[in-house]
Amino acid sequence: MKPLEIADVGFTYEDGTVALKGLSMSIGKGEKVAVVGPNGAGKSTLLHLIAGFRMPFSGQVMIEGRPLDESSADDLRKHVGLLFQDPDDQIFMPTVEEDVAFGPRNLGLDDIEGRVARGMRSSGMETLAKRKTHRLSYGMKKRVAIAGILAMDPAILLLDEPTSGLDPRSRAELIGLLKEMDRTMLIATHDLEAAAEIVDKAVVLNVGMLMEGTMRELVLARDLMHEAGLELPPISKLFRVLETMGYPMDDLPVSLDEAVEQLTRVIDREGKHAHAHIHTHVHGGHEDDHKHSKAAAGERQPRDEK
Amino acid sequence: MTMAHFGGHGRTHLSEYAGDVWFGKLDARAKLVGIFVFVIVSAVLTDFVLVLVSLAVALTLVLASRLPVFYLARMYSAAVPFILFASVSVFLFGGWERGIEMWARTSACVLPLLVLAAGTETFDLFAGLRRLHVPAVITTLLMLTQRYILLLSEELSRMSIARKARGFRGARNLLDRYGVKVVAFTAGMVLVRSFDRADDIYEGLKCKGFGQEMTPWRRSRVALKDGLLALGLATVAGLLLTVQLGVIT
Ligand SMILES: Nc1ncnc2c1ncn2[C@@H]1O[C@H](COP(=O)(O)OP(=O)(O)O)[C@@H](O)[C@H]1O
Ligand SMILES: [Mg+2]
């Protein structure tokens, strides 16, 4: 039994906007999946639908093996932890500790102190227990919201644009946090780089599903990316450029970690050769006509293909 | 309760300073009972001297609470139009002495309520009401209303900043038709947007398993000092009332 199964789901807003159409996907226990797509692709709609806030829809959503419908929504929501895009919409209590305890107390769960402690530890908030929630920074508020959800111990975490609005430091910290976390999660985002760091599998959504695969398969599908209005992560773009300059690429890296790993491997393999190769291209300049034209030709080639 | 947007920037909570003063640490129930008894009695006093005494007690409470006076003054100023309106209409019909009496009486009622609101963590206040057996529907509604008003004022200040950023100077008078139109339009926008956000917040609450009942859990007990405050205020109120009723002359 999978925590989440979606079969042929469609959803249309009251005003006639078709937000989702014929979407099928599933998430296995412990799996982390990203739903990527441009603004208006229906990502938030999908998450709200899974959390049982939007009804009715066509098709079927199964949470922990039980079908989601109007009558089961309130009950099934206990298994689903939705992180809103704006943390202010889900923080209610005056202090961090109390806010984290709010959900478990409402649900009448046992061992509240233990839950609160664990929730705060896994979101790196343990030292801030007594702080006033409304005085925290935006990034900190996101963490409080996450801690509050974790304390309820949901079977699936749904994260709506978790990295949006964060400064680079908080963003990196949050990515690290989610990467380490051993949870079933569905992350809606247009931040491919963050997704690449966190998840194994991704779904490209634009009303319907355009593609499903690993993050690498996804960034390699250039036409599809273009069609979906998605930008490659900067690191992938950089390696594309390097490739046209003759860098022997075996795999397009999608995250910094992968890039470092690959560079280490390539340098190991090619030894000094690779180093010298890049060196001549970077500093070769106009003096070396032969190499220059070769590089230029190499640069043109992939463009002509397109 | 006055819930306007006090403070210049960002979200200012009504109970911003409650955590910093002794008054904020007292049990909400004791404060509620003590202050409500005092306020009710102050409201029915008719003897001018007694009204002034109750005003003096209210001012003492303001100072003794150690809440920032400027902050309370700002809250009070938000209530001034209403107090003035009441006092002026009484003055028009009953003469200046009645007018001043009305102003003193209203202030004696409003000030303790402001101290209560500013000096109690807003959530504690509602939880306290709930513990005093006010029905859950009412306390929950109060909590949501409070949240909604906060949200409205937030949206409002955002909108007005956005308007100013686009060079809008405000409607100079009611004949400035363009200005009035912009103001009316943004007012509508604020309502629509806060409605949307209220929806989000309600969903946020549902995500946290919130039903109807807000479960008060701060295990606060009415200790001696809480009891003393309630008792003190009730005693003062009792004395004022007995004098008013002519039992003691
Ligand atoms: N409450 C609503 N009423 C009508 N249309 C909506 C509403 N919310 C979103 N939409 C529309 O549904 C589509 C999907 O929106 P959304 O799920 O928010 O996309 P995403 O989160 O991927 O940016 C968009 O075209 C959006 O304009
Ligand atoms: Mg969205």
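Values below: all heavy atoms of this structure, side chains included; hydrogens, waters and symmetry mates excluded. Keep in mind the model is a prediction, meaning the values are calculated, not measured. Reminder, nothing fancy here: chain letters follow the sequence lines and each chain counts from 1.
Neither the backbone nor the side chain of A:I112 comes within contact range of chain B, judged by heavy atoms closer than 4.5 Å. The contact between A:F84 and chain B is made entirely by side chain atoms (from C-beta outward), counting heavy-atom distances below 4.5 Å.
Of the possible polar contacts, one joining the B:K208 side chain to the A:Q90 backbone as a donor-acceptor pair under 3.5 Å is found.
Nearest heavy-atom pair, A:N106 versus B:G209, reported as atom, atom and distance to 0.1 Å: CB-O, 3.3 Å. Counting all heavy atoms, side chain and backbone alike, A:M152 lies closest to B:C207 at CE-O, 3.0 Å.
Within a 6.0 Å radius of CZ in B:R66, other residues, nucleotides and ligands contribute 12 heavy atoms or fewer. Atom OH of B:Y202 has 12 or fewer neighbouring heavy atoms from other residues, nucleotides or ligands inside a 6.0 Å radius. For B:R193, the CZ atom counts as densely surrounded, since its 6.0 Å shell holds more than 12 non-hydrogen atoms of other residues, nucleotides or ligands. For A:D182, the CG atom is loosely surrounded, since the number of other residues' heavy atoms within 6.0 Å does not exceed 12. Residue-environment remark: OH (A:Y138) exceeds the threshold of 12 foreign heavy atoms within 6.0 Å. Crowding of B:F185 atom CZ: a count of heavy atoms from other residues, nucleotides or ligands under 6.0 Å not exceeding 12.
The shortest side-chain heavy-atom distance between A:F92 and B:F123 does not fall under the 4.5 Å cut-off.
For the pairing with B:E121, the side-chain contact (heavy atoms from CB on, under 4.5 Å) check across A:K132, A:E98, A:M93 returns one residue only, A:K132.
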* To do: List the steps and the verdict of side-chain contact (heavy atoms from CB on, under 4.5 Å) for B:D200 and A:F53.
  => CA-CA 10 Å; B:D200 291 341; A:F53 288 131; over 6 Å; no
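Of the charged side-chain nitrogens involved, none lies within less than 4.0 Å of a carboxylate oxygen, so that B:E203 and A:R77 do not count as a salt-bridged pair.
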